[in-house]
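Before any comments, here is the structure.
Reminder, nothing fancy here: chain letters follow the sequence lines and each chain counts from 1. Small disclaimer: the values here were computed from a predicted structure and weren't measured.
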There are 2 protein chains.
Amino acid sequence: MSNATGGRRENGGKQTTMRDVAVAAGVGLGTVSRVFSNVGSVAPATREKIEAAARELNFRPSALGRDLKRRTTNNIGLIVTDISNNFYGEFAQGVLASAKEQGRHVILCASGEDPETEREYIDLLVEQRVDGIIAFPTGHNLDSWRSARDLGINIVFADRELPDLDIPSIVVDNEAGARRLTEYLLALGHSRIGYLGGPSELTSGGQREAGYRQAHLDVGVAVKEDLVVRTRFTRDTAYASALRLLENPVPPTALVATNNVLGEAALTAIRDRGLSVPDDISLVMFDDVPWANLVEPPITVVAQPAWQMGQSATRMVLAADGEKVQPQTVKTEMVLRRSARPLHSSAPA
Amino acid sequence: MSNATGGRRENGGKQTTMRDVAVAAGVGLGTVSRVFSNVGSVAPATREKIEAAARELNFRPSALGRDLKRRTTNNIGLIVTDISNNFYGEFAQGVLASAKEQGRHVILCASGEDPETEREYIDLLVEQRVDGIIAFPTGHNLDSWRSARDLGINIVFADRELPDLDIPSIVVDNEAGARRLTEYLLALGHSRIGYLGGPSELTSGGQREAGYRQAHLDVGVAVKEDLVVRTRFTRDTAYASALRLLENPVPPTALVATNNVLGEAALTAIRDRGLSVPDDISLVMFDDVPWANLVEPPITVVAQPAWQMGQSATRMVLAADGEKVQPQTVKTEMVLRRSARPLHSSAPA
DNA sequence: GTGAAAGCGCTAACAG
DNA sequence: CTGTTAGCGCTTTCAC
């Protein structure tokens, strides 16, 4: 039975089909279908015969024929930025878990934050006739999204909202999260608080920056504009931006990073400059990634419930047709650790 | 054009098909197909007419019909353990990159190391008629794998080899990696070196343990059997195992962890016991995850080229039919940092 | 260069 | 309960 073609069968013959099984079992095609789709009813004896024949022929029904007929695929598309980023990984685990629960498959795509790549993936998923798409959109390709939506594909955006598109999204309470982080630093006596954030066109970017500013406003401390830096989420540019922030003539005494990539860049830059957290500079960030609690000192963060968000997004995108899907905002949780201390004190916070 | 059904269109009508486009453009169905599949040739004027009609109707070809006819899906399945683990995330990025290059889609599955879940996913992927499957197998479900293979699906295993299955795999040089880590510790004067590893049924587990033992053998130091602990890769059990290792009546002076989950568990356990690295205990591990270089002291690791492995695995699984696919072993790289020091010295290594 | 026709593997009526 | 039939949307001969 086994040969040495390295796991590859020539498979010259056609695959076994329901028709073959029907012939082998001496029944009609429809009856075989009824057995494998668990619909209608078949006499126990017939079912037996069919199952025996199927086993004999190593028959496995093909989703291709089924899906074409049923006009639904049970597949959903998931477009993230970078699946090696723990936040997206957790989110994806949430999606996988609830997709599996509902018998759905997940086609994974990584846009790398590149609009062109995103467009290609949208087209691809449309061609595949996925039942739905969950995406962290780049903010571009509005036409593609609209077109996919009009084709009847259910779409849910995560983390970011797109204007004029009437597509529901699931986001965290960005403003509140950033505000609490900033308030905390302000309360510790800091007044030169650096902000390392993403592009403000993105919902998360804009809202987190707004929270940062609101916190300042609330206590009447002016935002130092040269301490507000927006950057793309790649390691290199983030690192360069963090460094620039630290090289300010009058450097910040505290830093808010709005996600884990930015936080990692900030921490690395701080170390490379020979500074120490929290003695020389306090650091807080978004995302409770594993390393946040492993570094010394452990980092105070605003945690996003990534897994649950993935689960909710899946439920939203799979909601019964006709059911109205409401946008959802989820709460963040602030986890106090030891990466910030009062400005004019030698004791940790 | 826009309504308020939350990104969901009733889509009562059927989708636009090639036939509709053909009618609208006043040409035959076959001609439309030729335009969209870029095969044969069509008069520029005709092509123009067709493209205009397609645009007008917002037509997108369906992969369902195409795949059914062509008997190939351009999809590949990827079964990892846990996509939120950075190692699998990097691997997946590599898979996605080269899959995209070749116009393939990736169906993602996470087995959670559970054989039953794995079996369900294999069945699912077979039904979907994926062109190939890349998997980190649990080590069970040999029948399912065999059956999938016999159905003509190309399979590539990663990280682990399964006996009697004649399925090619891509693994790192586990034995050498573990041996170097252990030799390094031995050279530093350690003789009570703890081993925190995975189940030895797994290729990686068995080989890494073998490397650990070989290093001892080479210098004539006896392995302390009560310092060898095998555990499952979940956070909780790994932590418990690490703790047990540290609570040995005569505790180890150094520790080898065979992946990042185990390394994280070890580091956490060490801290929780109030010990410090490397002064109280040296720690080295597999996987150059981001946090390895972020903690203090940074951890000495054996790095696996996860991204490239994903890329290679994809090439292997997509190799031209008839081409013989060779199993592949990839080299690891040892990255020296500061988490180990000589046993009887007060200076770091 | 183009149209007509025959299926790919399956489901869903519809008779019997 | 079960067999027959007509497609799902597309590709692919085969004539014209």
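- Checking side-chain atoms of B:N75 against main-chain N and O of B:V130 turns up no donor-acceptor pair under 3.5 Å.
- Put simply, the residue from A:T73, A:T72, A:L64 that forms a side chain to side chain contact (heavy atoms under 4.5 Å, CB included) with B:L64 is A:T73.
- When the nucleotides C:dG1, C:dG3, D:dC8 are ranked by their closest atom to the side chain of B:V27, C:dG3 comes out on top.
- Using a 3.5 Å distance cut-off with no hydrogens or angles, the side chains of B:D114 and B:T117 do pair a donor with an acceptor.
- Between the side chains of B:Y121 and B:S111, no donor N or O sits under 3.5 Å from an acceptor N or O.
- Residues meeting the ring-ring contact (aromatic ring centres under 6.0 Å, His included) test with B:F87, sequence neighbours left out: none.
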Legend entry - Base-contact (B) and sugar-phosphate-only (S) positions in nucleotides 10-16 of chain C, heavy-atom cut-off under 4.0 Å, - elsewhere: SBBB---
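- Remark on the helix from C:dG1-D:dC16 to C:dG16-D:dC1: inter-end axis angle 40°, axes from five-pair C1' superpositions, rounded to 10°.
- Inspection of the A:R71 and B:Q15 side chains reveals no N or O donor paired with an N or O acceptor under 3.5 Å.
- A donor-acceptor contact closer than 3.5 angstrom links the side chains of B:T138 and B:E118.
- Electrostatic pairing of B:R315 and B:E323 does not count as a salt bridge here, judged by no charged N lying under 4.0 Å from a carboxylate O.
- In this entry the distance linking CD of B:Q15 with P of D:dC8 reads 13 Å, nearest Å.
- For A:T46, a side-chain nitrogen or oxygen approaches OP1 or OP2 of D:dT2 to under 4.0 Å.
- In the set D:dC1, C:dG1, D:dG3, the nucleotide with an atom closest to the side chain of A:S41 is D:dC1.
- Ranking D:dG9, C:dG3, D:dC1 by closeness to the B:T31 side chain, first place goes to C:dG3.
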